[in-house]
Amino acid sequence: MSTQQKSHQDENKLIQARKEKAQQFLKQGIPIYPNKFRKKHDIKPILEQYQTLSHEELEELDRVFIVAGRIMALRSFGKITFFHIQDHSGKIQVFAQKNILGTEKYNIFKKFDVGDIVGVKGPLFKTKTGELTIKAEDIELVTKSLRPLPEKYHGLKDVELRYRQRYVDLIVNPKVKEIFIKRSKIVRFIRSFLDERGFLEVETPMMQPIPGGATARPFITHHNALDMQLYLRIAPELYLKRLLVGGFERVYEINRNFRNEGISTQHNPEFTMLEFYMAYADFTILMELTEELFSSLAKAICGSMKIPYGEHEIDLTPPWEKLSFYESLEKIGNLSPAEYQDYEKAKALVKKLGEKVVEGEKLGKIQAKLFDLLVEPKLIQPHFIYHYPTEISPLSRRNEENPDITDRFELFISGREMANAFSELNDPFDQRQRFLEQVKEKEAGDEEAHFMDEDYIRALEYGMPPAGGEGIGIDRLVMLLTNSPSIREVILFPLLRPTG
RNA sequence: GGGCCGUUAACUCAGUAGGUAGAGUAUCUGCCUUUUAAGCAGAGAGUCGCAGGUUCGAAUCCUGCACGGCCCA
(Lines give C-alpha, C1' and ligand atoms only; values in the text may rest on other atoms or scores of the structure.)
Protein backbone atom coordinates (compact mmCIF):
# COMPACT_ATOMS: atom_id res chain seq x y z
CA MET A 1 0.00 0.00 0.00
CA SER A 2 1.38 3.39 -0.92
CA THR A 3 1.95 6.06 1.67
CA GLN A 4 -0.69 8.20 0.12
CA GLN A 5 -3.35 5.53 0.26
CA LYS A 6 -2.36 4.77 3.80
CA SER A 7 -2.53 8.37 4.94
CA HIS A 8 -5.85 8.71 3.19
CA GLN A 9 -7.12 5.65 4.95
CA ASP A 10 -6.40 6.76 8.49
CA GLU A 11 -8.06 10.10 7.94
CA ASN A 12 -11.05 10.60 10.10
CA LYS A 13 -13.59 13.31 10.57
CA LEU A 14 -11.68 14.88 13.45
CA ILE A 15 -8.58 15.31 11.34
CA GLN A 16 -10.65 16.60 8.44
CA ALA A 17 -12.24 19.20 10.68
CA ARG A 18 -8.87 20.37 11.95
CA LYS A 19 -7.48 20.65 8.44
CA GLU A 20 -10.43 22.78 7.47
CA LYS A 21 -9.88 24.91 10.55
CA ALA A 22 -6.24 25.33 9.55
CA GLN A 23 -7.35 26.52 6.11
CA GLN A 24 -9.65 29.03 7.76
CA PHE A 25 -6.75 30.41 9.78
CA LEU A 26 -4.68 30.81 6.61
CA LYS A 27 -7.56 32.62 4.91
CA GLN A 28 -7.67 35.03 7.82
CA GLY A 29 -3.95 35.65 7.44
CA ILE A 30 -3.01 33.69 10.56
CA PRO A 31 0.08 31.58 9.88
CA ILE A 32 -0.27 28.04 11.21
CA TYR A 33 3.44 27.17 11.27
CA PRO A 34 5.24 30.45 11.97
CA ASN A 35 8.74 30.55 13.38
CA LYS A 36 8.73 33.97 14.90
CA PHE A 37 7.66 33.40 18.46
CA ARG A 38 10.59 33.46 20.87
CA LYS A 39 9.80 32.18 24.30
CA LYS A 40 11.69 33.68 27.23
CA HIS A 41 10.80 31.42 30.12
CA ASP A 42 10.58 27.74 30.90
CA ILE A 43 7.53 26.73 32.86
CA LYS A 44 9.11 24.73 35.66
CA PRO A 45 11.31 27.56 36.99
CA ILE A 46 8.29 29.87 37.01
CA LEU A 47 6.37 27.39 39.14
CA GLU A 48 9.31 26.84 41.45
CA GLN A 49 10.04 30.50 41.93
CA TYR A 50 6.55 31.94 42.31
CA GLN A 51 4.38 29.12 43.64
CA THR A 52 4.71 30.31 47.21
CA LEU A 53 3.95 33.98 46.58
CA SER A 54 0.63 35.41 47.79
CA HIS A 55 -1.96 37.16 45.62
CA GLU A 56 -0.64 40.53 46.69
CA GLU A 57 3.01 39.67 46.18
CA LEU A 58 2.23 38.45 42.67
CA GLU A 59 0.37 41.67 41.89
CA GLU A 60 3.34 43.73 43.00
CA LEU A 61 5.68 41.59 40.93
CA ASP A 62 4.80 43.49 37.76
CA ARG A 63 6.51 41.05 35.41
CA VAL A 64 5.41 39.68 32.09
CA PHE A 65 6.28 36.09 31.24
CA ILE A 66 6.67 34.77 27.74
CA VAL A 67 6.14 31.04 27.51
CA ALA A 68 5.27 28.51 24.83
CA GLY A 69 3.85 25.04 24.92
CA ARG A 70 1.20 22.59 23.89
CA ILE A 71 -2.41 23.13 24.95
CA MET A 72 -3.25 20.13 27.12
CA ALA A 73 -6.65 20.84 28.59
CA LEU A 74 -9.23 23.44 27.80
CA ARG A 75 -12.04 24.58 30.04
CA SER A 76 -14.11 27.25 28.39
CA PHE A 77 -16.85 29.36 29.97
CA GLY A 78 -17.90 31.60 27.17
CA LYS A 79 -16.04 34.80 27.86
CA ILE A 80 -13.20 33.23 29.84
CA THR A 81 -11.16 30.10 29.31
CA PHE A 82 -8.71 28.16 31.44
CA PHE A 83 -6.17 25.87 29.86
CA HIS A 84 -2.83 24.30 30.60
CA ILE A 85 0.21 24.51 28.41
CA GLN A 86 2.99 22.00 28.59
CA ASP A 87 6.59 22.62 27.63
CA HIS A 88 9.64 20.39 28.08
CA SER A 89 9.92 21.34 31.73
CA GLY A 90 6.34 21.25 32.97
CA LYS A 91 2.76 22.44 32.84
CA ILE A 92 1.20 25.76 33.83
CA GLN A 93 -2.35 27.06 33.74
CA VAL A 94 -3.25 30.00 31.52
CA PHE A 95 -6.26 32.25 31.96
CA ALA A 96 -7.71 33.83 28.84
CA GLN A 97 -10.32 36.52 29.15
CA LYS A 98 -12.24 38.22 26.35
CA ASN A 99 -12.04 41.60 28.10
CA ILE A 100 -8.26 41.42 28.33
CA LEU A 101 -7.43 39.94 24.93
CA GLY A 102 -10.07 41.85 23.01
CA THR A 103 -12.85 40.32 21.00
CA GLU A 104 -10.85 39.66 17.86
CA LYS A 105 -7.94 37.85 19.53
CA TYR A 106 -10.24 35.98 21.87
CA ASN A 107 -12.35 34.71 19.03
CA ILE A 108 -9.27 33.48 17.19
CA PHE A 109 -8.00 31.83 20.35
CA LYS A 110 -11.35 30.09 20.83
CA LYS A 111 -10.68 28.15 17.65
CA PHE A 112 -7.42 26.70 18.96
CA ASP A 113 -7.48 22.99 19.74
CA VAL A 114 -6.03 20.81 22.43
CA GLY A 115 -2.65 19.77 21.05
CA ASP A 116 -1.90 23.09 19.35
CA ILE A 117 1.36 24.75 20.33
CA VAL A 118 0.84 28.33 21.41
CA GLY A 119 2.87 31.24 22.70
CA VAL A 120 1.52 33.13 25.70
CA LYS A 121 2.49 36.48 27.22
CA GLY A 122 1.25 37.79 30.51
CA PRO A 123 1.73 38.32 34.24
CA LEU A 124 1.17 35.77 36.98
CA PHE A 125 -1.74 35.58 39.39
CA LYS A 126 -3.38 33.06 41.61
CA THR A 127 -6.86 31.69 41.02
CA LYS A 128 -9.49 31.17 43.68
CA THR A 129 -8.21 27.65 44.15
CA GLY A 130 -4.67 28.92 44.62
CA GLU A 131 -3.17 27.72 41.34
CA LEU A 132 -0.39 29.83 39.91
CA THR A 133 -1.68 30.97 36.53
CA ILE A 134 -0.60 33.20 33.66
CA LYS A 135 -3.13 35.91 32.81
CA ALA A 136 -2.81 36.01 29.05
CA GLU A 137 -2.36 39.42 27.49
CA ASP A 138 -1.52 37.82 24.21
CA ILE A 139 -1.88 34.31 22.79
CA GLU A 140 -0.64 33.28 19.40
CA LEU A 141 -0.68 30.11 17.41
CA VAL A 142 2.82 28.71 17.00
CA THR A 143 2.05 25.30 15.52
CA LYS A 144 -1.30 23.88 14.48
CA SER A 145 -1.95 20.30 15.48
CA LEU A 146 -4.02 18.31 13.02
CA ARG A 147 -4.53 15.17 15.04
CA PRO A 148 -6.51 14.78 18.24
CA LEU A 149 -4.58 13.70 21.31
CA PRO A 150 -5.64 10.62 23.31
CA GLU A 151 -8.18 10.93 26.05
CA LYS A 152 -7.09 13.30 28.79
CA TYR A 153 -7.86 11.11 31.76
CA HIS A 154 -6.70 7.64 30.76
CA GLY A 155 -4.03 8.83 28.35
CA LEU A 156 -2.56 6.47 25.78
CA LYS A 157 -2.53 2.92 27.11
CA ASP A 158 -2.33 0.71 24.06
CA VAL A 159 1.22 -0.60 24.34
CA GLU A 160 1.63 -1.11 20.63
CA LEU A 161 0.52 2.43 19.82
CA ARG A 162 2.71 3.79 22.60
CA TYR A 163 5.80 2.27 21.01
CA ARG A 164 4.85 2.90 17.40
CA GLN A 165 3.94 6.52 18.10
CA ARG A 166 6.30 7.25 20.96
CA TYR A 167 5.90 10.97 20.25
CA VAL A 168 2.29 10.76 21.39
CA ASP A 169 3.26 8.61 24.37
CA LEU A 170 5.75 11.29 25.43
CA ILE A 171 3.19 14.08 25.08
CA VAL A 172 0.52 12.47 27.19
CA ASN A 173 2.31 10.17 29.63
CA PRO A 174 4.58 12.18 31.94
CA LYS A 175 6.03 9.03 33.50
CA VAL A 176 7.40 7.93 30.15
CA LYS A 177 9.17 11.23 29.75
CA GLU A 178 10.65 10.83 33.23
CA ILE A 179 12.11 7.44 32.35
CA PHE A 180 14.01 8.87 29.41
CA ILE A 181 15.19 11.88 31.39
CA LYS A 182 16.47 9.43 33.99
CA ARG A 183 18.10 7.36 31.32
CA SER A 184 20.01 10.40 30.15
CA LYS A 185 21.06 11.21 33.71
CA ILE A 186 22.26 7.66 34.27
CA VAL A 187 24.44 7.73 31.19
CA ARG A 188 25.81 11.13 32.10
CA PHE A 189 26.57 9.89 35.63
CA ILE A 190 28.46 6.90 34.26
CA ARG A 191 30.49 9.10 31.94
CA SER A 192 31.58 11.42 34.72
CA PHE A 193 32.22 8.46 37.04
CA LEU A 194 34.66 7.03 34.52
CA ASP A 195 36.07 10.38 33.43
CA GLU A 196 36.91 11.18 37.06
CA ARG A 197 38.90 7.97 37.24
CA GLY A 198 41.00 8.77 34.24
CA PHE A 199 39.12 6.80 31.60
CA LEU A 200 39.09 8.07 28.03
CA GLU A 201 35.88 7.81 26.05
CA VAL A 202 36.46 6.42 22.57
CA GLU A 203 34.45 5.30 19.58
CA THR A 204 35.31 2.11 17.75
CA PRO A 205 33.74 0.58 14.64
CA MET A 206 30.10 -0.43 14.59
CA MET A 207 30.66 -2.01 11.18
CA GLN A 208 33.24 -4.71 11.50
CA PRO A 209 34.76 -7.11 8.99
CA ILE A 210 35.04 -9.73 11.74
CA PRO A 211 32.44 -9.52 14.49
CA GLY A 212 34.01 -10.32 17.84
CA GLY A 213 33.87 -9.91 21.56
CA ALA A 214 30.73 -11.88 22.29
CA THR A 215 28.92 -15.10 21.53
CA ALA A 216 26.01 -13.95 19.41
CA ARG A 217 24.63 -14.03 15.89
CA PRO A 218 25.53 -10.87 14.02
CA PHE A 219 23.62 -8.81 11.47
CA ILE A 220 25.28 -8.96 8.09
CA THR A 221 25.49 -6.06 5.70
CA HIS A 222 27.40 -5.14 2.57
CA HIS A 223 29.55 -2.20 1.59
CA ASN A 224 29.08 -1.46 -2.10
CA ALA A 225 32.17 0.60 -2.92
CA LEU A 226 34.52 -1.86 -1.25
CA ASP A 227 32.32 -4.76 -2.29
CA MET A 228 32.77 -6.41 1.06
CA GLN A 229 30.68 -8.10 3.67
CA LEU A 230 30.46 -6.27 6.97
CA TYR A 231 28.87 -7.14 10.27
CA LEU A 232 27.17 -4.82 12.69
CA ARG A 233 29.11 -5.18 15.86
CA ILE A 234 27.99 -7.55 18.58
CA ALA A 235 30.53 -5.98 20.99
CA PRO A 236 33.35 -3.42 20.87
CA GLU A 237 35.66 -5.55 23.03
CA LEU A 238 38.41 -6.53 20.62
CA TYR A 239 38.83 -2.97 19.35
CA LEU A 240 38.97 -1.52 22.84
CA LYS A 241 41.67 -4.00 23.80
CA ARG A 242 43.64 -3.05 20.70
CA LEU A 243 43.65 0.42 22.22
CA LEU A 244 45.25 -0.98 25.38
CA VAL A 245 47.98 -2.34 23.10
CA GLY A 246 48.24 1.12 21.58
CA GLY A 247 48.99 2.63 24.95
CA PHE A 248 45.69 3.94 26.23
CA GLU A 249 45.47 2.48 29.73
CA ARG A 250 41.86 3.29 30.58
CA VAL A 251 39.23 3.45 27.88
CA TYR A 252 35.49 3.14 27.66
CA GLU A 253 32.76 3.22 25.08
CA ILE A 254 29.02 3.62 25.49
CA ASN A 255 27.17 2.74 22.36
CA ARG A 256 24.95 0.36 20.48
CA ASN A 257 25.52 -3.35 19.95
CA PHE A 258 23.48 -5.38 17.50
CA ARG A 259 22.53 -9.01 17.92
CA ASN A 260 20.45 -10.92 15.46
CA GLU A 261 18.39 -12.76 18.03
CA GLY A 262 14.93 -12.94 19.49
CA ILE A 263 13.01 -10.07 21.01
CA SER A 264 11.73 -10.28 24.57
CA THR A 265 11.12 -8.14 27.63
CA GLN A 266 14.89 -8.23 28.11
CA HIS A 267 16.17 -8.24 24.53
CA ASN A 268 16.06 -5.68 21.76
CA PRO A 269 18.13 -6.38 18.62
CA GLU A 270 20.00 -3.13 19.17
CA PHE A 271 20.88 -2.26 22.70
CA THR A 272 23.31 -0.02 24.52
CA MET A 273 26.41 -1.32 26.20
CA LEU A 274 29.10 0.22 28.32
CA GLU A 275 32.47 -1.45 28.01
CA PHE A 276 35.52 -0.25 29.88
CA TYR A 277 39.07 -1.53 30.16
CA MET A 278 41.57 -0.79 32.84
CA ALA A 279 45.23 -1.72 32.44
CA TYR A 280 47.09 -3.06 35.47
CA ALA A 281 43.84 -4.12 37.08
CA ASP A 282 42.11 -7.47 37.47
CA PHE A 283 38.59 -8.76 37.96
CA THR A 284 38.63 -8.30 41.74
CA ILE A 285 39.34 -4.59 41.30
CA LEU A 286 36.45 -4.43 38.84
CA MET A 287 34.11 -5.98 41.42
CA GLU A 288 34.83 -3.11 43.76
CA LEU A 289 34.50 -0.54 41.01
CA THR A 290 31.17 -2.06 39.96
CA GLU A 291 29.82 -1.92 43.50
CA GLU A 292 30.88 1.67 43.73
CA LEU A 293 29.35 2.58 40.38
CA PHE A 294 25.98 0.91 40.97
CA SER A 295 25.56 2.06 44.55
CA SER A 296 26.53 5.67 43.86
CA LEU A 297 24.36 5.66 40.76
CA ALA A 298 21.35 4.43 42.72
CA LYS A 299 21.93 7.09 45.33
CA ALA A 300 22.23 9.83 42.72
CA ILE A 301 19.29 8.74 40.57
CA CYS A 302 16.89 7.14 43.05
CA GLY A 303 18.03 8.86 46.24
CA SER A 304 18.79 5.56 47.96
CA MET A 305 20.80 2.38 47.62
CA LYS A 306 17.63 0.43 48.35
CA ILE A 307 15.42 0.57 45.31
CA PRO A 308 12.08 -0.99 44.43
CA TYR A 309 11.96 -3.37 41.50
CA GLY A 310 8.71 -5.15 40.77
CA GLU A 311 7.68 -6.90 43.96
CA HIS A 312 11.20 -6.79 45.40
CA GLU A 313 13.35 -4.25 47.13
CA ILE A 314 16.88 -4.43 45.79
CA ASP A 315 19.62 -3.43 48.19
CA LEU A 316 22.67 -2.19 46.32
CA THR A 317 24.64 -1.34 49.45
CA PRO A 318 28.14 -2.85 49.08
CA PRO A 319 29.63 -5.32 49.57
CA TRP A 320 27.58 -7.77 47.52
CA GLU A 321 27.36 -11.54 47.72
CA LYS A 322 30.12 -13.42 45.93
CA LEU A 323 29.89 -17.04 44.86
CA SER A 324 31.99 -19.03 42.46
CA PHE A 325 30.18 -20.45 39.47
CA TYR A 326 30.33 -24.00 40.84
CA GLU A 327 29.39 -22.88 44.36
CA SER A 328 26.31 -21.22 42.89
CA LEU A 329 25.33 -24.46 41.12
CA GLU A 330 25.58 -26.23 44.47
CA LYS A 331 24.20 -23.70 46.92
CA ILE A 332 21.55 -22.03 44.80
CA GLY A 333 20.95 -24.62 42.10
CA ASN A 334 20.98 -27.45 44.66
CA LEU A 335 23.14 -29.62 42.45
CA SER A 336 25.91 -31.91 43.60
CA PRO A 337 29.28 -31.99 41.82
CA ALA A 338 28.34 -35.49 40.71
CA GLU A 339 25.36 -34.05 38.87
CA TYR A 340 27.01 -31.12 37.14
CA GLN A 341 30.47 -32.60 36.54
CA ASP A 342 29.27 -35.77 34.86
CA TYR A 343 28.65 -34.93 31.21
CA GLU A 344 25.80 -37.38 30.66
CA LYS A 345 24.05 -36.57 33.91
CA ALA A 346 24.31 -32.84 33.31
CA LYS A 347 23.04 -33.22 29.77
CA ALA A 348 20.10 -35.36 30.89
CA LEU A 349 19.21 -32.80 33.53
CA VAL A 350 19.20 -29.91 31.05
CA LYS A 351 16.91 -31.89 28.78
CA LYS A 352 14.65 -32.75 31.68
CA LEU A 353 14.37 -29.04 32.47
CA GLY A 354 13.10 -28.50 28.94
CA GLU A 355 16.15 -26.91 27.32
CA LYS A 356 17.73 -28.27 24.15
CA VAL A 357 21.22 -29.73 24.05
CA VAL A 358 23.04 -29.45 20.77
CA GLU A 359 25.08 -32.49 19.70
CA GLY A 360 28.76 -32.16 20.64
CA GLU A 361 28.14 -29.32 23.07
CA LYS A 362 30.85 -29.04 25.71
CA LEU A 363 30.35 -29.59 29.42
CA GLY A 364 30.98 -25.91 30.20
CA LYS A 365 28.13 -24.89 27.96
CA ILE A 366 25.81 -27.43 29.51
CA GLN A 367 26.76 -26.20 32.97
CA ALA A 368 26.00 -22.65 31.81
CA LYS A 369 22.53 -23.83 30.80
CA LEU A 370 22.04 -25.40 34.22
CA PHE A 371 23.09 -22.07 35.70
CA ASP A 372 20.62 -20.15 33.52
CA LEU A 373 17.79 -22.47 34.48
CA LEU A 374 18.43 -23.12 38.16
CA VAL A 375 20.51 -20.24 39.48
CA GLU A 376 20.08 -17.02 37.52
CA PRO A 377 16.34 -16.50 38.22
CA LYS A 378 17.02 -16.78 41.95
CA LEU A 379 19.69 -14.08 42.06
CA ILE A 380 17.43 -11.20 43.02
CA GLN A 381 19.79 -9.26 45.28
CA PRO A 382 23.14 -8.36 43.70
CA HIS A 383 25.43 -11.36 43.30
CA PHE A 384 28.85 -11.67 41.74
CA ILE A 385 29.28 -15.12 40.24
CA TYR A 386 32.94 -15.73 39.43
CA HIS A 387 35.35 -18.32 38.04
CA TYR A 388 33.43 -19.37 34.94
CA PRO A 389 34.55 -22.42 32.96
CA THR A 390 37.29 -21.59 30.46
CA GLU A 391 35.32 -23.30 27.69
CA ILE A 392 32.67 -20.61 27.73
CA SER A 393 35.06 -17.69 28.32
CA PRO A 394 37.29 -17.52 25.25
CA LEU A 395 38.62 -14.02 25.94
CA SER A 396 39.19 -14.35 29.70
CA ARG A 397 42.43 -15.01 31.51
CA ARG A 398 42.80 -18.45 33.06
CA ASN A 399 42.93 -18.77 36.80
CA GLU A 400 46.50 -19.27 37.99
CA GLU A 401 45.68 -22.31 40.11
CA ASN A 402 43.13 -23.95 37.85
CA PRO A 403 43.39 -23.47 34.07
CA ASP A 404 39.90 -24.88 33.53
CA ILE A 405 38.31 -21.81 35.07
CA THR A 406 38.81 -18.13 34.33
CA ASP A 407 39.16 -14.98 36.40
CA ARG A 408 35.82 -13.77 35.25
CA PHE A 409 32.62 -12.67 36.95
CA GLU A 410 29.12 -11.82 35.99
CA LEU A 411 26.86 -9.59 38.05
CA PHE A 412 23.24 -10.61 38.55
CA ILE A 413 20.46 -8.45 39.93
CA SER A 414 16.73 -9.18 39.86
CA GLY A 415 17.41 -12.49 38.13
CA ARG A 416 19.20 -10.89 35.21
CA GLU A 417 22.73 -10.57 33.98
CA MET A 418 23.78 -6.95 34.47
CA ALA A 419 27.51 -7.09 33.84
CA ASN A 420 30.21 -9.37 32.55
CA ALA A 421 33.85 -8.77 33.45
CA PHE A 422 37.19 -10.47 33.53
CA SER A 423 40.88 -10.26 33.82
CA GLU A 424 41.78 -10.01 30.17
CA LEU A 425 43.59 -12.76 28.36
CA ASN A 426 46.73 -11.08 27.01
CA ASP A 427 48.67 -14.23 26.10
CA PRO A 428 48.61 -14.47 22.28
CA PHE A 429 49.51 -18.18 22.33
CA ASP A 430 46.58 -19.03 24.55
CA GLN A 431 44.26 -16.63 22.70
CA ARG A 432 45.06 -18.34 19.40
CA GLN A 433 44.21 -21.73 20.91
CA ARG A 434 40.94 -20.39 22.29
CA PHE A 435 39.98 -18.93 18.93
CA LEU A 436 40.77 -22.24 17.27
CA GLU A 437 38.44 -23.98 19.70
CA GLN A 438 35.73 -21.49 18.79
CA VAL A 439 36.30 -21.99 15.09
CA LYS A 440 35.85 -25.72 15.60
CA GLU A 441 32.55 -25.07 17.34
CA LYS A 442 31.48 -22.71 14.57
CA GLU A 443 32.29 -25.39 12.00
CA ALA A 444 30.28 -27.85 14.07
CA GLY A 445 27.29 -25.58 13.57
CA ASP A 446 27.35 -23.15 16.48
CA GLU A 447 26.44 -19.87 14.81
CA GLU A 448 27.25 -17.94 17.96
CA ALA A 449 30.84 -19.15 18.26
CA HIS A 450 33.63 -16.61 17.89
CA PHE A 451 35.46 -15.95 14.64
CA MET A 452 39.23 -16.18 14.38
CA ASP A 453 40.67 -12.67 14.39
CA GLU A 454 44.29 -12.74 13.20
CA ASP A 455 44.77 -9.01 13.55
CA TYR A 456 43.68 -9.19 17.16
CA ILE A 457 46.26 -11.92 17.78
CA ARG A 458 48.87 -9.77 16.06
CA ALA A 459 47.97 -6.89 18.38
CA LEU A 460 48.41 -9.16 21.41
CA GLU A 461 51.77 -10.22 20.03
CA TYR A 462 52.91 -6.62 20.32
CA GLY A 463 52.03 -6.90 23.98
CA MET A 464 48.84 -5.87 25.79
CA PRO A 465 49.32 -4.84 29.40
CA PRO A 466 47.47 -7.01 31.91
CA ALA A 467 44.04 -5.52 32.34
CA GLY A 468 40.54 -5.92 33.64
CA GLY A 469 37.59 -5.27 31.36
CA GLU A 470 33.86 -5.09 31.87
CA GLY A 471 30.64 -4.73 29.96
CA ILE A 472 27.44 -3.37 31.50
CA GLY A 473 24.09 -3.47 29.75
CA ILE A 474 22.79 0.07 29.95
CA ASP A 475 19.21 -0.77 29.05
CA ARG A 476 18.92 -3.35 31.82
CA LEU A 477 20.54 -0.95 34.24
CA VAL A 478 18.01 1.72 33.30
CA MET A 479 15.22 -0.84 33.72
CA LEU A 480 16.49 -1.55 37.22
CA LEU A 481 16.78 2.09 38.24
CA THR A 482 13.41 3.09 36.75
CA ASN A 483 11.56 -0.01 37.92
CA SER A 484 10.59 -0.87 34.34
CA PRO A 485 9.39 -4.40 33.61
CA SER A 486 10.31 -4.39 29.92
CA ILE A 487 13.34 -3.23 27.93
CA ARG A 488 10.91 -1.54 25.56
CA GLU A 489 9.97 0.89 28.29
CA VAL A 490 13.52 2.24 28.36
CA ILE A 491 14.23 2.29 24.61
CA LEU A 492 12.62 5.24 22.84
CA PHE A 493 11.86 3.41 19.63
CA PRO A 494 12.00 -0.35 20.20
CA LEU A 495 11.96 -2.55 17.13
CA LEU A 496 8.47 -3.58 16.04
CA ARG A 497 7.27 -5.29 12.94
CA PRO A 498 5.95 -2.68 10.55
CA THR A 499 2.20 -2.63 10.06
CA GLY A 500 0.41 -3.34 6.79
C1' G B 1 9.46 -21.92 17.48
C1' G B 2 5.25 -23.37 21.29
C1' G B 3 1.14 -21.99 24.74
C1' C B 4 -2.34 -18.45 26.63
C1' C B 5 -4.60 -13.65 26.01
C1' G B 6 -5.90 -9.24 23.25
C1' U B 7 -7.52 -6.37 18.66
C1' U B 8 -15.13 -2.76 18.87
C1' A B 9 -15.57 5.38 17.37
C1' A B 10 -9.57 9.59 17.38
C1' C B 11 -8.60 7.73 22.91
C1' U B 12 -10.23 4.60 27.37
C1' C B 13 -13.50 0.70 27.58
C1' A B 14 -18.61 -1.97 27.77
C1' G B 15 -21.30 -5.38 24.87
C1' U B 16 -24.39 -10.15 22.99
C1' A B 17 -26.99 -18.07 25.71
C1' G B 18 -26.11 -15.71 17.38
C1' G B 19 -31.16 -11.17 16.21
C1' U B 20 -30.81 -3.12 13.98
C1' A B 21 -23.48 -1.61 17.68
C1' G B 22 -23.05 1.34 23.30
C1' A B 23 -20.78 4.71 27.30
C1' G B 24 -17.23 8.32 28.86
C1' U B 25 -13.53 11.54 26.87
C1' A B 26 -12.57 14.15 22.35
C1' U B 27 -15.34 16.73 18.14
C1' C B 28 -19.52 20.00 16.44
C1' U B 29 -23.93 23.44 17.97
C1' G B 30 -26.13 26.32 21.99
C1' C B 31 -25.81 28.46 27.24
C1' C B 32 -22.04 29.88 30.65
C1' U B 33 -16.50 35.41 33.73
C1' U B 34 -12.36 31.38 38.63
C1' U B 35 -12.29 26.14 36.16
C1' U B 36 -8.95 22.00 36.68
C1' A B 37 -11.60 14.49 34.66
C1' A B 38 -15.71 22.11 34.80
C1' G B 39 -21.18 21.88 34.09
C1' C B 40 -26.00 21.69 31.41
C1' A B 41 -28.82 20.69 26.67
C1' G B 42 -28.44 18.67 21.83
C1' A B 43 -25.85 16.47 17.36
C1' G B 44 -22.52 13.82 14.42
C1' A B 45 -18.98 9.94 14.52
C1' G B 46 -17.66 2.64 13.72
C1' U B 47 -15.11 -2.02 6.84
C1' C B 48 -16.47 -4.51 15.58
C1' G B 49 -7.93 -6.39 13.03
C1' C B 50 -8.11 -9.18 7.94
C1' A B 51 -9.94 -13.47 5.03
C1' G B 52 -12.87 -17.63 4.78
C1' G B 53 -16.65 -21.02 6.97
C1' U B 54 -21.28 -22.50 9.80
C1' U B 55 -26.22 -20.05 9.96
C1' C B 56 -32.35 -17.39 7.71
C1' G B 57 -29.01 -14.09 10.38
C1' A B 58 -22.01 -13.48 12.93
C1' A B 59 -18.79 -8.07 16.40
C1' U B 60 -20.50 -12.73 19.06
C1' C B 61 -19.43 -19.70 17.06
C1' C B 62 -15.36 -22.33 13.91
C1' U B 63 -10.71 -22.14 10.81
C1' G B 64 -6.62 -19.54 8.89
C1' C B 65 -3.72 -15.09 8.76
C1' A B 66 -1.72 -10.22 10.60
C1' C B 67 -0.13 -7.21 14.58
C1' G B 68 0.64 -6.85 19.78
C1' G B 69 1.11 -8.54 25.10
C1' C B 70 2.58 -12.23 28.75
C1' C B 71 4.82 -16.93 29.69
C1' C B 72 7.89 -20.96 27.94
C1' A B 73 11.92 -22.37 24.53
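Every chain is numbered from 1 and lettered A, B, ... according to where its sequence line falls, protein lines coming before strand lines.
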Q: For B/C48 versus B/G18, give the span between their C1' atoms, rounded off to a whole number of Å.
A: 15 Å
Q: Quick one: label A/K157 by what it contacts on the DNA or RNA (base, sugar-phosphate, nothing), any heavy atom closer than 4.0 Å.
A: sugar-phosphate
Q) Closer than 4.0 Å, any side-chain N/O of A/R488 to the OP1 or OP2 of B/G69? A) yes
Q) Could you state the NZ-P distance from A/K98 to B/C31, rounded to the nearest angstrom? A) 10 Å
Q) Parallel, tilted or perpendicular: which fits the ring planes of A/F95 and A/F82, with parallel below 30° and perpendicular above 60°? A) tilted
Q) What is the nucleic acid contact for A/T133, judged by heavy atoms within less than 4.0 Å: base, sugar-phosphate only, or nothing? A) nothing
Q: Could you tell me whether a side-chain N or O of A/K378 sits under 3.5 Å from a main-chain N or O of A/I332, the two making a donor and an acceptor?
A: yes
(Q) Using whole Å, what does the distance between atom P of nucleotide B/A10 and atom CD of A/E151 come to? (A) 14 Å
Q | Separation between the P atoms of B/C71 and B/C11, rounded to whole Å | A | 26 Å
Q) Could you state the CG-C1' distance from A/L14 to B/U25, rounded to the nearest angstrom? A) 12 Å
Q. For atom C1', what is the distance between B/G64 and B/U27, given to the nearest Å?
A. 38 Å
Q) Ring-on-base stacking between A/F77 and B/C32, under 5.5 Å between centres and under 30° between planes: is it there? A) no
Q: Figure out the OH/C1' separation between A/Y106 and B/C32, and round it to whole Å.
A: 10 Å
**Q.** Whether A/F109 and A/F112 hold their rings parallel, tilted or perpendicular, with breakpoints at 30° and 60°
**A.** perpendicular
**Q.** Interatomic distance where CZ belongs to A/F95 and C1' belongs to B/U34 [whole Å]
**A.** 6 Å
